[in-house]
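In what follows, a structure is listed as structure tokens, so that the remarks can point back to it.
Predicted model, so just to flag it, every value in this text is computed and none were measured.
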Amino acid sequence: MARGWLPDNVTRYRDRHGKWRYRFRKTGLPTYSFKNPPGTEGFREEYHRAQTAMPAEEAPRFASFTYDALIASFYSTPAWIGMADSSQKTYRGIIERFRAKNGAKDVRRVTTGSIDNLLAKRAAETEKGAAAANLRKALNRIHRHAIKLGWRTDNPVTASDTIRTGGDGFHTWTEDEIAAFEKQWPLGTRQRLAMALLLYTALRRSDMIRLGRQHRQGDRFALYHGKNKSETNVPIMPDLAAALDALPGTHLTYLVTERGHPYSSGNSFYNWFHRACEKAGIPHCTPHGLRKAMSRRLAESGATTLEGRAVTGHKTDREFARYAEKANKSGMADKAMANLAIKFAKKGE
């Protein structure tokens, strides 16, 4: 029998933001936190996976003060558990590759010099600094945990050399590229709706694919950014409203596959959307580049950093500024100087 209106073994609780969350707990099975709300197809699929999951295995024992033991302990910390699923996946891959070669090493004996050598080797192997920079971030996290455990009094990563990545990440869509995509995919296509949702909500793809009618509040969207656990409430712009009206549906989520199912993951959506970009002649463009395009547009429109963050959900001014870096600086300078000329104009001359 279901308890109340929830399925067996599912309970709800409020997170630190006051939002209701749902989790599955049953003796002998792993605890599972739901990503979709009850009553949705996504929730039913998650519930089935939780019921049929392999029984939780007893945690292996590792030698004291080794990286194996440190990393196992780190995975049980609130800092790790509270991390977004996408971030966990990224960091776990980096950490486990490091662990495969260094798991048996004594954490107490590692020096800053050995960290520098490791990072230099990683940068040489990949021929780009991003991989080494990400490794440095991951190592910094686990060594901070070593200090908390009392295994070290210092963090050897802190004094290591900063890695230059030599790039600015995902390409920011230009207005010409947005126009090219819209020309290829007119209103009424799923591709056009996907682009409009990404651009005008500034959501990451993992959050956008879950966006649905339950998030709409009149002419606004109440949005949740899973990666940094922030919330935004933004008006629905006319171009987005047109894309929504042109592709009506009965599903809870706005964007579904050709078979009418929600996208199972951000990766499956990415592959589909990338093919749409290729057909539009912009194969170098990505979903995340539209989040950066919105940041650029906000900066070019004269939005303050706080106003921009209220749309994109960035937690700091620095993060928003980095995304808005591709703004048209000459146009912004013209606007700033025109305002300055008006304010400081000499009367009577």
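A donor and an acceptor atom, one from each side chain of Asn140 and Lys137, are nowhere located under 3.5 Å apart. There is a side-chain donor-acceptor pair under 3.5 Å between Arg205 and Asn267. Side-chain contact check for Asn228 and Ser230: at least one donor-acceptor pair (N or O, by modelled atom type) lies under 3.5 Å. With no hydrogens or angles considered, a side-chain donor-acceptor pair links Asn233 and Arg220 at under 3.5 Å.
Relative orientation of the His288 and Phe170 rings is tilted, given thresholds of 30° and 60° on the angle between their planes. A tilted orientation is assigned to the rings of Tyr75 and Trp80, their planes being inclined by 30° to 60°.
A side-chain donor-acceptor contact under 3.5 Å links Thr312 to the backbone of Gly308. Looking only at distances, a side-chain donor or acceptor of Asp116 sits under 3.5 Å from a matching main-chain atom of Asp161. Remark: the backbone N or O of Met83 is not paired with any side-chain donor or acceptor of Ser87 at under 3.5 angstrom. Checked by atom type and distance alone, the side chain of Glu300 never pairs as donor or acceptor with a backbone atom of Arg297 at under 3.5 Å. Side chain of Asp15 to main chain of Lys19: a donor-acceptor pair is present (N/O by atom type, distance under 3.5 Å, no hydrogens or angles). With Arg309 contributing its side chain and His314 its backbone, the two residues share a donor-acceptor pair below 3.5 Å. Remark: side-chain polar atoms of His143 are paired, donor with acceptor, to backbone N or O of Leu139 under 3.5 angstrom. Gln184 places no side-chain N or O within donor-acceptor distance of the main-chain N or O of Gly281, the cut-off being under 3.5 Å. Remark: side-chain polar atoms of Arg152 are not paired, donor with acceptor, to backbone N or O of Arg144 under 3.5 angstrom. With hydrogens and angles ignored, the 3.5 Å screen pairs no side-chain donor or acceptor of Glu231 with any backbone N or O of His225.
Taking CG of Leu119 as the reference point, atom CD1 of Ile115 lies at 6.5 Å (rounded to 0.5 Å). Expressed to the nearest 0.5 Å, how far OG of Ser160 lies from CZ of Arg136 amounts to 3.5 Å. Annotation: the span from Phe74 atom CZ to Lys148 atom NZ amounts to 8.5 Å, rounded to 0.5 Å. The CG atom of Leu187 lies 10.0 Å from the CG atom of Leu247; values are rounded to the nearest 0.5 Å. Residue Ile95 holds its CD1 atom at 9.5 Å from CD of Gln88, rounded to the nearest 0.5 Å. For the atom pair CG of Asn9 and CZ of Arg25, the computed distance is 10.0 Å after rounding to the nearest 0.5 Å.
A salt bridge links Arg190 with Glu258: the closest approach of a Lys/Arg side-chain nitrogen to an acidic carboxylate oxygen falls below 4.0 angstrom. The pair Glu96-Arg99 counts as a salt bridge, with a side-chain nitrogen and a carboxylate oxygen less than 4.0 angstrom apart.
Nearest heavy atom pair, residue His274 against residue Cys285, reads CD2-O, 4.1 Å. The shortest heavy-atom contact between Phe181 and Ala280 is CA-CB, 4.0 Å. For Ser76 against Ile81, the heavy-atom pair with the smallest separation is O-CD1, 3.6 Å. Smallest separation of non-hydrogen atoms from Ala69 and Trp151: CB-CH2, 3.9 Å. Nearest heavy-atom pair, Val110 versus Pro156, reported as atom, atom and distance to 0.1 Å: O-CB, 4.2 Å. The minimum heavy-atom distance linking Ala202 with Val311 is given by the pair CB-O, 4.2 Å.
Counting heavy atoms from C-beta on, the side chains of Tyr254 and Arg216 come closer than 4.5 Å. At a threshold of 4.5 Å between non-hydrogen side-chain atoms, the residues Pro235 and Asp219 do not count as touching. A 4.5 Å side-chain heavy-atom check between Thr232 and Thr201 finds every atom pair outside the cut-off. Between Pro38 and Leu6 there is a side-chain heavy-atom pair separated by less than 4.5 Å. Looking at heavy atoms from C-beta onward, Arg291 lies out of side-chain contact with Leu203 at the 4.5 angstrom threshold. The closest side-chain heavy-atom distance from Pro287 to Tyr270 is below 4.5 Å. Contact check for Val234 versus Leu223: side-chain heavy atoms found under the 4.5 Å cut-off.
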> Can Tyr323 and Glu319 be said to form a side-chain hydrogen bond (donor to acceptor under 3.5 Å, both in side chains), step by step?
Replying inline: CA-CA 7 Å; Tyr323 271 59; Glu319 289 176 334; over 6 Å; no
> Would Tyr67 and Phe98 count as a ring pair (Phe, Tyr, Trp, His ring centres under 6.0 Å) if you check the C-alpha gap in whole Å, the side-chain angles of each, and the deciding distance to 0.1 Å?
Replying inline: CA-CA 9 Å; Tyr67 277 109; Phe98 168 81; 5.0 Å; yes
> Could you walk me through whether His171 and Thr286 pass the side-chain hydrogen bond (donor to acceptor under 3.5 Å, both in side chains) check?
Replying inline: CA-CA 7 Å; His171 168 71; Thr286 64; over 6 Å; no
>> The test is salt bridge (Lys or Arg N to Asp or Glu O under 4.0 Å); show your working for Arg296 and Glu175 and say whether it passes.
In response: CA-CA 10 Å; Arg296 171 184 60 75; Glu175 293 304 311; 2.6 Å; yes
>> Between Glu45 and Arg49, does the side-chain contact (heavy atoms from CB on, under 4.5 Å) criterion hold? Intermediate values first, please.
In response: CA-CA 6 Å; Glu45 292 177 359; Arg49 291 199 300 271; 4.1 Å; yes
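Aromatic ring centroids of Phe43 and Phe34 lie under 6.0 Å apart. Between Phe269 and Tyr263, the distance from one ring center to the other falls under 6.0 angstrom.
In this structure, Arg12 is positioned above the aromatic face of Trp20, its NZ or CZ under 6.0 Å from the six-membered ring centre and within 45° of the axis. Taking the ring axis of Tyr200 as reference, the NZ or CZ atom of Arg192 does not stay both within 45° of it and closer than 6.0 Å to the ring centre. For the pair Arg23 and Tyr13, the cation-pi test (distance below 6.0 Å, angle within 45°) is passed.
A single hydrophobic cluster is not seen to contain both Leu252 and Leu244; linkage of ILVMFWY side chains at heavy-atom distances under 4.5 Å, directly or through other members, places them apart.
By the neighbour-count criterion of 12 heavy atoms within 6.0 Å, atom NZ of Lys279 is sparsely surrounded, having that number or fewer from other residues, nucleotides or ligands. Counted within 6.0 Å of CZ on Arg109, heavy atoms from surrounding residues, nucleotides or ligands total 12 or fewer; the atom is thus considered open.
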